[in-house]
Amino acid sequence: LGSTSAAAFSFLLGRYLAHDWVARRVHHYPQLHALYDALGEEAAWKLVAAVRLSHSLPFGLQNLLLGVSPVGFVSY
């Protein structure tokens, strides 16, 4: 319960504090923009699952980065 609550809090923190700023900046970089748009699609949950299983980033950083992406809370 604590881990899930902390993950949701980190996601929402990233969403409400930095999402708009990142969305404005990402359009200047074509490759990053393509990735950003792909995260907002219907199958975003597959990308979230892949990031979770890869262990390439610490869990807390994943939560914040997914919060600034267009991934919806339900897919997250």
Side-chain angles (χ1 to χ4, degrees):
L1 183 61
S3 177
T4 303
S5 299
F9 179 74
S10 294
F11 177 85
L12 293 173
L13 187 69
R15 175 59 47 106
Y16 290 108
L17 290 182
H19 177 72
D20 295 335
W21 182 81
V22 170
R24 285 192 307 268
R25 300 282 187 248
V26 79
H27 296 292
H28 298 294
Y29 304 96
Q31 292 176 339
L32 192 56
H33 186 304
L35 177 64
Y36 191 80
D37 285 343
L39 286 171
E41 295 178 0
E42 296 266 335
W45 68 270
K46 293 178 185 178
L47 281 146
V48 172
V51 168
R52 291 284 188 214
L53 293 174
S54 72
H55 298 291
S56 60
L57 294 170
F59 191 62
L61 188 57
Q62 287 179 8
N63 297 331
L64 287 172
L65 291 176
L66 288 170
V68 299
S69 73
V71 172
F73 188 73
V74 173
S75 295
Y76 168 74

#### Entry: Nearest non-hydrogen partners of Ala44 and Val71, listed with the distance
CB-CG2, 4.3 Å
### Query
For Ser69 and Tyr36, which heavy atoms make the closest approach, and how far apart are they?
CA-CE1, 3.9 Å
### Task
Determine, step by step, whether Tyr76 and Asn63 satisfy the side-chain contact (heavy atoms from CB on, under 4.5 Å) criterion, reporting the C-alpha distance in whole Å, the side-chain angles of both residues, the deciding distance to 0.1 Å, and the verdict.
CA-CA 9 Å; Tyr76 168 74; Asn63 297 331; 2.6 Å; yes
### Summary
On a heavy-atom basis, the closest approach of Pro30 and His28 is CD-O, 3.8 Å
### Message
Please check this pair: side chain of Arg25 against backbone of Asp20, looking for a donor-acceptor N/O pair closer than 3.5 Å.
### Response
no
### Query
Going from CD on Gln62 to OG on Ser10, what distance comes out if it is rounded to the nearest 0.5 angstrom?
11.0 Å
#### Entry: Shortest non-hydrogen separation from Val68 to His19 and the atoms involved
O-ND1, 3.0 Å
## Note on the structure
To the nearest 0.5 Å, atom CZ of Phe11 lies from atom CG of Leu65 at 11.5 Å
### Message
Please determine whether residues Leu12 and Leu66 belong to a single hydrophobic cluster, defined as Ile, Leu, Val, Met, Phe, Trp and Tyr linked transitively by side-chain heavy-atom distances below 4.5 Å.
### Response
yes
### Task
Enter the distance from Leu47:CG to Leu35:CG here, rounded to the nearest 0.5 Å.
7.5 Å
### Query
Can you tell me if CZ on Phe59 sees more than 12 non-hydrogen neighbours from other groups inside 6.0 Å?
yes
